[in-house]
S.K.: 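There's a structure below that I have some questions on.
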Amino acid sequence: MKILHLKIKNRIAILEFDQPDSKVNVLNTDSMRELDEIIEQLADKSSSQIKALIITSKKDGIFIAGAEIKEIEQITSSDVALEKAQKGKQIFNKLRNLDLITLAAINGACLGGGLELALACQYRVASFSEKAKIGLPEVNLGLIPGWGGTQRLPRLIGITRALGMILAGKLISAKEAKKIGLVDRLFPETRLLEESLVFVNGLLEGKIRIKRKQKKKPLQIFLENTPLGKVILFSQAKKNVLKKTKGFYPAPLRALEVIRRGLAGDIKRGFRLESEAFGELAITAVAKNLIKLFYLNEQFKKFHWVDQKINPAEINKCAVVGAGLMGGGIAQLVSFHDIPTRVKDINYQALKTALKTADKLFRYAVKKKKLKKHQAEYKFGLISPTITYHGFKNTDLVIEAVVENLEIKQKVFKELSKVAAPTTIFASNTSALAIIKMGEASGSPEKVAGLHFFNPVHRMPLVEIIKSEKTSDETLATLIAFARKIGKVVIVVRDVPGFLINRILISYLIEAAFLLEEGIKIEQVDEIARAFGLPMGPIELVDEIGIDVSYKVVKILEQAYGARMRTPAILETVKQEGFLGKRTKLGFYIYRGKIKIPNPKIYKLIKGAAGRLISGQVALKRMIYVMINEAARCLEEKVVTRPETIDLGMIMGTGFPPFRAGLLSYADTLGSANIVRELQEFEKDFGAERFKPCSYLLQMAKNNEKFFG
Ligand code: NAD
């Protein structure tokens, strides 16, 4: 079936992309071949009566979503990738060289190869629509634009702005694109084609002339137009990239180099450099892993955890009990998504702090142009603080986020059962406690599930939904729909102590504490984890979560799982000493403004440090292997059934490095037999139960199996 449809109207050719059986248009081998043929046709002398070409799309809200990622994923040779980049550029260059007026009429998402196609046209117009997002997000997949984007974009909109878009893979709105000269006109969505025709006729008749003089401030002129300025600009950009990527992601650095070298010569040379870099990057493990993660994310957005026939109930009003770190964050997030939220605490000060924090987050969203001021004010106004249960009768969902104490939580659930409507669903944000126990306290366990957010709530993409043995599918379906509505990635897990993510994560935090006890310095332990690609070290993380909260969770898991989750003495002593973590500016670190330094008092609390020399490599392996072992146990016990859930959950919930594609994908690169052998060596060397490989891993090692495939 044809993808491209060509019509001629008053000597103007209109080329519409319309990929059959798909909601989006992508540039794949077939559509690129069709495009090539049509450009050849138009270049042919016999069609010289045609004066202009308008390229647009028939899909709602989508111009072209980019190149077909599946085709890139399958490439295993850099020569093939280079060839693919060159071939695409050849076609786009032919388009550029047509002796016609060429215009892209952008009606929606115009991404990657789609934008490169639009950049190869002489003119671009876009609809006012919110859906018209424009950008080159290739770096997010470990790639760089390969069809001319790194060369055409900076030449059109200036180096600084192009770097901003390409190095961060940032998408911009059509309005912003107009402001920076990336598109020439904006038209109403419903009249895009008509107005494009008028625009093209205006150009043909000489009534419209587009002058693309970039508006630049003096500093920008210095940075972009003088040799010294360029040196400063590119070296600063490199510094920023390294700060953000910590050197783990090669694509933005390669893009920067290709832009810098490409702009120093003619565009043809730049194109060649771009294709070479694309070829190199396309076959890297980082690109393959990021592409894998992209698909995983897409899959989980739509994954049916319950029977599709079950309709979720609508959540129009919400309440949160407990206005602490998490409750306050949850209330802000829910109101951000326009759902009125009542927040109850027993402490006025907690309510005050929660409102102050929410206000700060809304102000930040205004500063970052995510919200208009009036929108932020409206949303903030949807949070209503209270110290009573007044109004709880009208809520569809109550999320409990009080202190991690089963008795207190059970008391809250009992109270809730009396004050809420019979249809209200209850969820707990507990880190590790049994959901069934809260369900039973409420008297209607079918209406209760865990809704485990991660800290900080507005930033961590994951919500772990915990289904107790009595949670009904209706409750589950409603919570899944709700969590997705407020922008979260959902995984559903079984009701076991620590559920999935904390159970794995805590084994790592425990190991880090033992390393401290064995004589490794606080900042060293953190540095080892960061050098692996984790966003923060385990000790910093304990401070962030709160030492008291972490301690409680470790204790719950120790009680449930015994010796392998034994609480390290240091955690207990530090808590007893009253160090609570970042919240109180004093924990394993001392916090002074933006600076933090290791707390020297911690070392005095470590009794009989072993003083054993442990290499960074062994320390890292110990921390990672205990997580792999615990994750394997979770599969064995069917806490979740698929390794994919663990990989996505660890990335979205803990920041496990995305370029490694997840904990179990990483484990596969090591091999189950190697992991088992080294765990057994650790067990011998350190005499600790927690290194004993679980039977699932042993079985895998015996059969030389991988978690994936
Ligand atoms: P927090 O101590 O910051 O807040 C708890 C709040 O609950 C306090 O404001 C307290 O006044 C209030 N509270 C206590 N009893 C109450 C009652 N009967 N009614 C109403 N309010 C009451 O704790 P937090 O860190 O926000 O943790 C809350 C829950 O979220 C815990 O179950 C915790 O395990 C879980 N959690 C915490 C994190 C984290 O990183 N801190 C992450 C995920 C989940």
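Below, each value reflects all heavy atoms present in this structure, side chains not excepted, and no hydrogens, waters or symmetry copies. First listed ligand is number 1; within each ligand, the first listed atom is number 1.
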S.K.: Give every pair formed by an N or O atom of ligand 1 and a protein N or O atom closer than 3.5 Å, one pair per line with both atom names and the distance to 0.1 Å, or write none.
M.R.:
unit_1   : atom_1 : unit_2 : atom_2 : d
ligand 1 : 3 (O)  : Leu325 : N      : 3.0
ligand 1 : 9 (O)  : Asp345 : OD2    : 2.7
ligand 1 : 11 (O) : Asp345 : OD1    : 2.6
ligand 1 : 26 (O) : Leu325 : N      : 3.2
ligand 1 : 26 (O) : Met326 : N      : 2.8
ligand 1 : 30 (O) : Asn429 : ND2    : 3.0
ligand 1 : 32 (O) : Val402 : O      : 3.3
ligand 1 : 32 (O) : Glu404 : OE1    : 2.5
ligand 1 : 32 (O) : Lys409 : NZ     : 2.7
ligand 1 : 34 (O) : Glu404 : OE1    : 2.8
ligand 1 : 34 (O) : Ser431 : OG     : 2.6
ligand 1 : 36 (N) : Ser431 : OG     : 3.2
ligand 1 : 40 (O) : Asn455 : ND2    : 3.2
ligand 1 : 41 (N) : Ile545 : O      : 3.4

S.K.: Any chance the side chains of Thr475 and Thr478 put a donor and an acceptor closer than 3.5 Å?
M.R.: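 No - no donor-acceptor pair under 3.5 Å links their side chains.
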
S.K.: Show me the donor-acceptor pairs within less than 3.5 Å that the side chains of residues 652-659 make with the rest of the protein, sequence neighbours left out.
M.R.:
unit_1 : atom_1 : unit_2 : atom_2 : d
Thr654 : OG1    : Met650 : O      : 2.5
Thr654 : OG1    : Phe656 : N      : 3.3

S.K.: Indicate yes or no: at least one non-hydrogen side-chain atom of Arg622 is less than 4.5 angstrom from one of Phe682.
M.R.: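 Sidechains of Phe682 and Arg622: in contact.
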
S.K.: Measure the acute angle between the ring planes of Phe300 and Phe303, then classify it against the limits of 30° and 60° as parallel, tilted or perpendicular.
M.R.: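 Parallel.
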
S.K.: Establish, from distance only, whether the side-chain atoms of Ser665 and Lys292 form a donor-acceptor pair under 3.5 Å.
M.R.: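 Yes - a donor-acceptor pair under 3.5 Å links their side chains.
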
S.K.: Does the side chain of Tyr561 come under 3.5 Å of the side chain of Arg633 through a donor N or O and an acceptor N or O?
M.R.: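 Side-chain D/A pair, Tyr561 to Arg633: absent.
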
